[in-house]
Every structure is written in structure tokens, then in C-alpha cells.
Amino acid sequence: MSLPKRFPDRDEIAGVRIEVEHLEAGAYLEAEGGVQERRRLAGRVMARRDMGSAVFLDLVDRSGRLQIAFLKKEVAKAVDVKLGDVIGVEGVPGKTRRGEPSLFADEGPLLLSPIATSLPDTFHGMTDVEARYRKRYLDLLMNEDVRGDFITRSRMISAIRRYLDDRGFLEVETPVLQPRYGGAFARPFTTHHNELARDFYLRIATELYLKRLIVGGLERVYELGKDFRNEGVSFKHNPEFTMLEWYEAYADYRDTMVLIENLVADVTHEVLGTTVVQFRGSEIDLKAPWRRLKFADALEEHGLWTRDEAELRRRLTERGIDCSKDPTWAKLADHALSVYVEPGLIQPTILHDYPVELSPFARRTDDDPGIVERFEYYVGGMELGNAYSEINDHADQAERFADQLKDRAAGDAEAEEGDPDYVEALTYGMPPTGGLGLGIDRLAMLLTGRDSIRDVVLFPALRDRS
RNA sequence: GGGCCGUUAGCUCAGUCGGUAGAGCAGGGGACUUUUAAUCCCAAGGUCGUUGGUUCGAACCCAACACGGCCCA
């Protein structure tokens, strides 16, 4: 026997539920003239209450859950479905005598796809964290809140696209396979192209390609896609993660600050109906404007602002910090920041004016050549992203790459390798440009109130179970 | 990398002092005229994460390993 290949003219369960909301107990949904309305629903059977000559099913689709009532004896006797079957039903919407919104089916359900195994416990759901990640389809099926979180994530992403599209940004796609990697401090994944007989890196950022497009005159571009970093896994790190980068010609980092704080606030309000979120035990308000804090002031608050490498190392070591893996001043300052400053940045904070050593693509400030026009923005003690006024002078950029190579020689494996092809692009001239990156998974954590990136990534990276 | 915790039926969990495996839900069979985790009866369901060790005997004690979680670095 062949099962149906389609179930046309389907209604959404949530919509039917709203339609019957106003009815009295025991009433049916009627159109003008007293004719009973009919609706067609499809979904998964998530509960069954069998009375013998009356059968009740709970049917679940993406939008919600509704009871299906089979009250005619012959029909009820023929209802042969088990928990987890995918069925289609047709009937009259209404409320039972006890007031439960229901679809009253006058014929048996149409089996669309039978379950060949058993669903997890429908009362306790699936709670084993490892099982939830490995069999996400069951997690989504059994846990409505999980389903809701991924719907929230999806809405958030489309709202971000809409926000940028409406402001004249062009969505573009640049290579995932790159002959050189750059645009961030991270170790890459390596792969091999057989025909071209060469290795490629999976991108760690889209930055250098997107800025070539600014050279090319596209003026406002963004890319929303996966980056890959061959690093540890934690509550805020997954080896592949979703990143938004945008570049805006004729803007500087102050313009970018205003754009990002408004984007996050507006997108959050559009998705959640409020700018207030709960995250890791804190109530956080994402509405603009956000607090501004200078990098140097942030470290000075903790008595850690000095440009002297030995002195900074001494102060950190004095406090019990292991600096053995921090070969440069830049690494030490970054370490100090992540230990003493970041965890305290709970309400949205724009940390700006970074030391030049940490920022190989950012333009120097007018006042101090050791400081660059760069900011990172933090919420809930977590970095959401990074932005700067982009270097558009080829000689300056070449010099920064050279400085990075010195750091590399000093033992910093994450320092930039340089990219002569990118420097060449800059020799053709690039308009002054503001650029920004935003960690999409981390923003999704904030909007869903989840503590772990694994709860907002559908299929998080796990070890093999051998 | 370190510490702690966990891993028993498809799922959620018990398992006492080391004496040979239990429940609920799901699945199978049956009863039942409006149920809400419906209820009731019957039968079935297991490589106790893996590998070693101790012991007359190990789900339980010991070691290593695997996977996961939390905390620390």
C-alpha cells in the first residue's frame, strides 16, 4: 500500500485554535447561514486518549497543538494510530462539552507517515543533553520551547537582513575556501583541492574579501554566513559559527556604533516585542544608545593600564594570572581584558579606542598614533562583535602586516600572515570605510536567554561516539 | 589541560550491605459512551557506556578508557 504523497489545503493548527477561542463549550464553528465550517489539519500525534467509542488525539504542527475528537463510535473504533504517527484529518472546529478547543473529525485519520519506533516519554520529554544534541530532531519534536528558540533565531536573522537591505546594503557571497586566511586572530581548518592541486583554508572571517568589494565600488555590502575556527569548544564557541560582517563606505567607526546599537535594539524589539532580555541571571536592556568605555580606561579601572610589556606581565603575574602563553604586550593586554573587564560588561557596552598592536586593520586616531579607531561591543559579559574605521592606505596596511609578522616570530601563532593581494587592492584606493562583525549565535543566545551556544545551533559539534 | 558529576529497557528514572534487574511512559493484546500525563487488566521488553582487575559472586568496589555536563585554566 502506498501512502499519500501530499496533503493539500492544510490549515495551521494555531490559526484554527484562534478561530474557536470565542466559542461556548459544546459549540461548533459556523459560517454565515449556520453552515458548519471545515478545516484540514496535518501533523504528528503527540497524545492519545482512547475511551473505546470515543478517541481523542493531540495533533501538533509547527504552529501549535490541538485536540482531535473522534466521537462517532464506528469512526473511533477505526482510529488506529500510535504516538508519533504523522496524520492528516478533516473535520469541524469547535469546543468539547468541557470547553477544550478541538477539531471534530467525522472520518478516521489519514495516515501520512507511520512511526516505526517509539517516541521518547511524552510527559518528561527528552532531557538528556547529549541525546538532545545528537538527535536534535527528537529534541525539536518533544520540546516546544526548543522549537520556539530556533524559530526566534530564524526570525532574528531575517530581521537583520531586512534592516540592512532597507538601508541600502547589498548582500554578497565571498569564498569559503580561501588561499590565505585572515581578518581575525584564529587558527584555521585546512582542506585540499585535488584539481587545483593546492591547499585551501576554510575562512575565519569574510573581512578581506568584503573590503575588496568596497574598493570595487559596491559601497555598502554585508555577508551573513559561516566562519570556521579550529579552536576549543565552550559555551560561547562552536568550531563553525554564523557571522555577520558589513562594510559601509564613507563612514567611520562612530557611524558604525550608531548603526549596530540601533540594529540590535530594533531587531530585538521586532522579534521579542521588547528590548529587555534575561541572560545568565541578569536583566539586560538592549535599547540604544549603549554605554561607551575607552579601552585604556577599562584597564585603568583595574590598575592594569600600561604600555610596558614587562610591567604589565609583572602586575598580572602578581595577581596569580598565568602569562606564560602571552608572548607579546598585545596578548597580555587581551588576556587582562578577558579576565578583568569582559565579565563585568553586562549591560550593552561599546569598548573603544584599542591599542594599535591588537588591531591590524584599524585606522589610527588623530590624537594618538598608538591608539586606533576600533571598538568591540559586549553584552552579558560576552563579546558580540568587533568594528573599526578600516585602513584604506596600502602602505599603512603593509606596515601593519609587517608588525603582525614580528608578533608571529615572537611566538604568537594567531597573528596575521599578511595578504599581498589585498594590499595591492588597496593601492587602487578605497573610500574611508566603517566595518563591523557580529556573532549571530551569541545574539541568538541573548534573544532566547540560553546559556550555551549549543542551544542556538541546531547541530553543534560533538565528539564521535565510537 | 585540571577538578567534580553523570552513563541501567525506545524515553524518564529506582536499584539498600556486593547475592545474579525494577517502575512509570511508549510499543503489543484486551476492557471502557466527552478524555486532558484518561483509567483498568494481561503479556513482552536489558551486552547495567567499554575494557581490565578484586571477589565464591560485581549495575554496585578498584583502574584505565570513551562520551556528555558543570566549574576552573
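Predicted model only: the values in this text are computed from it and were never measured. Numbered from 1 within each chain, the chains take letters A, B, ... in sequence-line order.
The NZ atom of Lys77(A) sits 11 Å away from the P atom of G30(B) (whole-angstrom rounding). If you take CD of Glu130(A) and C1' of A66(B), they are 10 Å apart, rounded to a whole angstrom. At whole-Å resolution of the value, CG in Asp451(A) and P in C70(B) are 8 Å apart. Regarding Leu66(A), its CG atom lies at a distance of 17 Å from the P atom of U36(B), rounded to whole Å. Whole-Å rounding puts the Phe70(A) CZ to U36(B) P distance at 18 Å. Atom P of nucleotide G10(B) and atom CG of Asp128(A) are separated by 14 Å, given to the nearest angstrom. One can place CZ of Phe56(A) at 9 Å from C1' of U33(B), the figure rounded to the nearest angstrom. In this structure, CG of Leu141(A) is placed 14 Å from C1' of G10(B), rounded to the nearest angstrom.
With a 3.5 Å ceiling on both atom-pair distances, A59(B) lacks any Watson-Crick or G-U wobble partner. When both distances must be under 3.5 Å, the Watson-Crick or G-U wobble mate of A14(B) does not exist. Across all strands shown, the partner of A66(B) is U7(B), judged by Watson-Crick or G-U wobble contacts whose two distances both fall under 3.5 Å. Here G45(B) sits opposite no nucleotide as a Watson-Crick or G-U wobble pair (both hydrogen-bonding atom distances under 3.5 Å). When Watson-Crick and G-U wobble pairs are counted only if both distances are under 3.5 Å, A38(B) pairs with no nucleotide at all.
For Ser452(A) and Ser102(A), each mapped to the nucleotide of RNA chain B holding its nearest heavy atom, the one lying further toward the 5' end belongs to Ser102(A). Heavy-atom nearest nucleotides on RNA chain B were determined for Leu71(A) and for His335(A), and the one closer to the 5' end corresponds to Leu71(A).
Taking atom P on both G49(B) and G2(B), the two are 24 Å apart, rounded to the nearest angstrom. Straight-line distance between the P atoms of G10(B) and A66(B): roughly 25 Å, to the nearest whole Å. On the P atoms, C61(B) is 10 Å away from G6(B), given to the nearest whole Å. The separation of C48(B) from A59(B), taken at their C1' atoms, amounts to 5 Å, rounded to a whole angstrom. Annotation: C4(B) and G18(B) have their C1' atoms spaced 26 Å apart (nearest Å). Between the C1' atoms of A21(B) and A14(B), the separation comes to 11 Å (whole Å). The separation of G45(B) from U36(B), taken at their C1' atoms, amounts to 28 Å, rounded to a whole angstrom. One C1' atom belongs to C67(B), the other to G27(B), and the distance between them is 28 Å to the nearest Å.
In the model, Thr275(A) has a side-chain atom that pairs as donor or acceptor with a side-chain atom of Asp285(A) under 3.5 Å. In the model, Asn238(A) has no side-chain atom that pairs as donor or acceptor with a side-chain atom of Arg454(A) under 3.5 Å.
Here the straight-line distance linking atom CG of Asp403(A) with atom CD of Glu357(A) works out to 8.5 Å at 0.5 Å rounding.
Ion pairing of Arg136(A) with Asp139(A) is present here, as a side-chain N (NZ or NE/NH1/NH2) and a carboxylate O approach within less than 4.0 Å. Using a 4.0 Å cut-off between a side-chain N of Lys or Arg and a carboxylate O of Asp or Glu, Asp334(A) and Lys331(A) do not qualify as a salt bridge.
Listed nucleotides C11(B), C67(B), C25(B) differ in distance to Thr122(A); the shortest reach to its side chain belongs to C25(B). Of the candidates U34(B), U12(B), C25(B), the closest approach to any side-chain atom of Arg97(A) belongs to U34(B). Nearest nucleotide to the side chain of Ser53(A), out of U33(B), G69(B), U36(B): U33(B). Among the nucleotides C11(B), U34(B), G27(B), the one closest to the side chain of Ser118(A) is G27(B).
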Would you tabulate the side-chain donor-acceptor contacts of residues 67-76 of chain A under 3.5 Å, counting partners in other chains and residues two or more places apart, or write 'none'?
unit_1, atom_1, unit_2, atom_2, d
Gln67(A), OE1, Arg49(A), NH2, 2.7
Gln67(A), NE2, Ser102(A), OG, 3.1

With a cut-off of 3.5 Å and sequence neighbours excluded, list every side-chain donor-acceptor pair involving residues 298-306 of chain A.
unit_1, atom_1, unit_2, atom_2, d
His302(A), NE2, Tyr340(A), O, 3.2
Thr306(A), OG1, Asp308(A), N, 3.0

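Within 4.0 Å of Leu462(A), counting heavy atoms only, lie sugar-phosphate atoms of the nucleic acid but no base atom. Within the nucleic acid shown, Gly84(A) has no heavy atom closer than 4.0 Å to any nucleic acid atom. Among the heavy atoms of the strands lying under 4.0 Å from Leu83(A) are primed sugar atoms or P, OP1, OP2 only; no base atom is included. Across all strands shown, Arg65(A) has no heavy atoms under 4.0 Å from either base or sugar-phosphate atoms.
Relative ring orientation between Phe104(A) and Tyr28(A) is described as perpendicular, the plane-to-plane angle rising above 60° on a 0-90° scale split at 30° and 60°.
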List the protein contact pattern of nucleotides 37-49 of chain B with one symbol per nucleotide (5' to 3'): B for base contact, S for sugar-phosphate-only contact, - for none; contact means a heavy-atom distance under 4.0 Å. BB-----------
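Counting heavy atoms from C-beta on, the side chains of Met156(A) and Ile151(A) never come closer than 4.5 Å.
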Show your reasoning for whether salt bridge (charged side-chain N to carboxylate O under 4.0 Å, His left out) applies to Arg292(A) and Glu261(A). CA-CA 11 Å; Arg292(A) 265 72 166 164; Glu261(A) 64 191 353; 2.7 Å; yes
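Checking the phosphate oxygens (OP1, OP2) of U12(B), a side-chain nitrogen or oxygen of Thr127(A) falls inside 4.0 Å.
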